[in-house]
Asker: 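One structure coming up, written as structure tokens, with questions to follow.
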Number of protein chains: 2
Amino acid sequence: MARTQAADYDRRRDEIVSKAARLYAEHGFLGASVSDLAAACDVSKSAIYHYYVSKEDILFDVMRAHIAALEDAAAEAIATSSNPEAQLRALAHGFMSIYGADADRHTVLLNDLDHLPAAKRDEIVRIQRGLIGTMEGILTALEPGLKDRPGAPRAAAMLFYGMINWTHTWFNQNGVVTTCMLADMAADMTLGGLAAVAGRAA
Amino acid sequence: MARTQAADYDRRRDEIVSKAARLYAEHGFLGASVSDLAAACDVSKSAIYHYYVSKEDILFDVMRAHIAALEDAAAEAIATSSNPEAQLRALAHGFMSIYGADADRHTVLLNDLDHLPAAKRDEIVRIQRGLIGTMEGILTALEPGLKDRPGAPRAAAMLFYGMINWTHTWFNQNGVVTTCMLADMAADMTLGGLAAVAGRAA
DNA sequence: CCTACCGATCGGTAGG
DNA sequence: CCTACCGATCGGTAGG
């Protein structure tokens, strides 16, 4: 069965990428060696190079599926409604859900993008720019007055992403705060400030 | 003059730390070698080890003055007023001003804390915990209702720090947006949401 | 895919 | 005997 070999090949690559995500998230791309990765996968270092031609190629695969998922979530959030408040809430929930499920990959994306070769890094950066533009569109639809201040739409979009992206440094999967609650809080703070966050109190 | 030697010693250490901040910010702690640092300082690698016993000690000095400056700015913001809104604005401006002035050190603090030996890392983390506690105090003073939601004060504090800390990834010293404007925007968004940000439009 | 290696470079230290 | 370094090289390990 030729299909079995191909399926096994893909399964092995998936395991390498997923173990790499774990190691890179914990020690950084430069702090985790290919030997470490091989040991984590219980294979030889050469076996890793049978599936990937370079360490950077593994890093790219760690990031690629994650950024694609974010791109899809953003498109879905925009398509769900024409109401910018609903779009903001949908995007916040979609992103935080992915951040929670793919925490390692998200950490790697945020910490080690600069260790990609330029061509591959540019591919990721292009998608990130699109996500920033999407958020600028939502926020200026919510508050057209932002456009009267040079740089404000971009800055507001980055402050929003700061709130949700920064969660990877402190969010605890086993804590009382859920990704869903954080999505609500970030959206509420953007829409109405801290009072809106507190207004959710029982 | 015995004083001249000591003064020169301190000046040399300062130059090493400042060049290290630049290199570590750009390439990461592991991505910048002691040889790179020696070359940047135009001295031999052995000269670096005359002033510092290890690479990690240099990293610690890069972070130490920066986190101390943040600690001072937070204490000053609290002391300036008993009004929590004024305290929030003062802290936001104080921090963003330091982030702009010490951009390299801030990047290193946020990216390479895990590369410090445990004892030194704990010293920094202890100060960071204090800064988080300070922000929790300000935010719960602003909105006592936060305390009715388990985890909300801590989460709100981290969302605020996310907004201002994340700026190190995108803020451009030569752009139209200033650190002062970002401090206002982060404080406004926390206090009243996006509408408050847009309300500043001319 | 493994064992056995390479060119180079790592953080750190020797003698002078 | 000290300081402030230098050229050369240490034992190990990186990616390949």
Side-chain angles (χ1 to χ4, degrees), chain A residues 2 4-17 19-21 23-24 26-62 108 111-112 114-121, chain B residues 1-17 19-24 26-63 108 111-112 114-121:
Chain A
T4 307
Q5 276 187 337
D8 205 59
Y9 184 85
D10 290 345
R11 217 182 312 122
R12 292 289 204 130
R13 277 178 70 106
D14 286 348
E15 200 212 339
I16 290 170
V17 172
K19 299 273 192 196
L23 288 171
Y24 296 167
E26 189 169 350
H27 305 288
F29 176 69
L30 295 178
S33 70
V34 176
S35 295
D36 294 335
L37 177 56
C41 295
D42 208 27
V43 297
S44 74
K45 196 163 61 168
S46 297
I48 300 292
Y49 282 100
H50 175 71
Y51 292 99
Y52 279 99
V53 297
S54 74
K55 196 189 182 192
E56 280 82 6
D57 277 7
I58 303 172
L59 178 63
F60 185 58
D61 260 14
V62 169
V108 174
N111 286 341
D112 291 313
D114 288 344
H115 293 116
L116 277 182
K120 284 172 178 163
R121 184 179 60 230
Chain B
M1 284 198 288
R3 290 294 295 272
T4 308
Q5 276 188 340
D8 204 60
Y9 185 85
D10 289 346
R11 216 182 312 124
R12 293 288 205 134
R13 276 178 72 106
D14 286 349
E15 200 212 339
I16 290 169
V17 172
K19 299 274 191 196
R22 184 84 273 278
L23 288 172
Y24 296 167
E26 189 168 352
H27 306 288
F29 176 69
L30 295 178
S33 69
V34 176
S35 296
D36 294 335
L37 177 56
C41 296
D42 208 27
V43 298
S44 72
K45 196 165 59 168
S46 297
I48 300 291
Y49 282 102
H50 175 72
Y51 292 100
Y52 279 99
V53 296
S54 75
K55 198 190 181 191
E56 281 81 6
D57 278 7
I58 302 172
L59 179 62
F60 185 58
D61 260 13
V62 169
M63 295 180 176
V108 174
N111 287 341
D112 291 313
D114 288 345
H115 293 116
L116 278 182
K120 284 172 179 164
R121 184 179 60 232

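Chain A is the first sequence line, chain B the second, and so forth, proteins listed ahead of strands; every chain is numbered from 1. Worth knowing before you read on, the calculation uses all heavy atoms, side chains too, and leaves out hydrogens, waters and symmetry mates.
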Asker: From the options D/dA4, C/dG11, D/dG15, select the nucleotide whose nearest atom is closest to the side chain of B/V34.
Answerer: C/dG11
Asker: Taking all non-hydrogen atoms of both residues into account, name the closest pair between A/V62 and A/A20 and its distance.
Answerer: CG2-CB, 4.2 Å
Asker: For B/R11 and D/dC5, give me the distance from atom CZ to atom P, rounded to whole Å.
Answerer: 11 Å
Asker: Within the structure, does a side-chain N or O atom of B/Y49 lie under 4.0 Å from either OP1 or OP2 of C/dG12?
Answerer: yes
Asker: Quick check against the 3.5 Å criterion: does B/D61 have a side-chain atom that pairs as donor or acceptor with the backbone of B/V17?
Answerer: no
Asker: How long is the straight-line distance from NE2 of A/H27 back to CG of A/N111, given to the nearest 0.5 Å?
Answerer: 13.0 Å
Asker: Grab the CG-C1' distance between B/D8 and D/dA4 for me, whole Å please.
Answerer: 10 Å
Asker: Please state how far atom CD1 in B/I48 lies from atom P in C/dG12, giving the value in whole angstrom units.
Answerer: 12 Å
Asker: Grab the two heavy atoms, one from A/L59 and one from A/Y24, that are nearest each other, plus how far apart they are.
Answerer: CD1-CD1, 4.0 Å
Asker: Looking at the base of C/dT3, is there any donor atom on it, or on the side chain of A/S46, that sits under 3.5 Å from an acceptor on the other one?
Answerer: yes
Asker: Provide the distance between the two C1' atoms, one in C/dG12 and one in D/dA8, to the nearest whole Å.
Answerer: 13 Å
Asker: I want to verify a distance call: between D/dG15, C/dC1, D/dC5, whose nearest atom is closest to the B/H50 side chain?
Answerer: D/dC5
Asker: Measure the distance from CG on A/L30 to P on C/dC10 and round it to the nearest whole Å.
Answerer: 11 Å
Asker: Establish whether the base of D/dG16 is bridged to the side chain of A/K45 by a donor-acceptor pair shorter than 3.5 Å.
Answerer: yes
Asker: C/dG12 P sits how many Å from B/L59 CG, rounded?
Answerer: 12 Å
Asker: Roughly how many Å is it from CD in B/E15 to P in D/dC5, rounded to a whole number?
Answerer: 11 Å
Asker: Could you tell me whether the side chain of B/D36 and the main chain of B/S33 form a donor-acceptor pair under 3.5 Å?
Answerer: yes
Asker: Starting at atom CG of B/D36, determine the distance to atom C1' of C/dT9, rounded to an integer number of angstrom.
Answerer: 10 Å
Asker: Taking any heavy-atom pair under 4.0 Å as a contact, classify A/Y51: base, sugar-phosphate, or nothing.
Answerer: sugar-phosphate
Asker: Is B/R12 near enough to D/dA4 that one of its side-chain N or O atoms lies under 4.0 angstrom from OP1 or OP2?
Answerer: no
Asker: Quick one: A/D57 CG to D/dG15 P, roughly how many Å, whole number?
Answerer: 14 Å
Asker: On a plain distance test, is the side chain of A/S33 in donor-acceptor contact with the base of D/dT13 below 3.5 Å?
Answerer: no
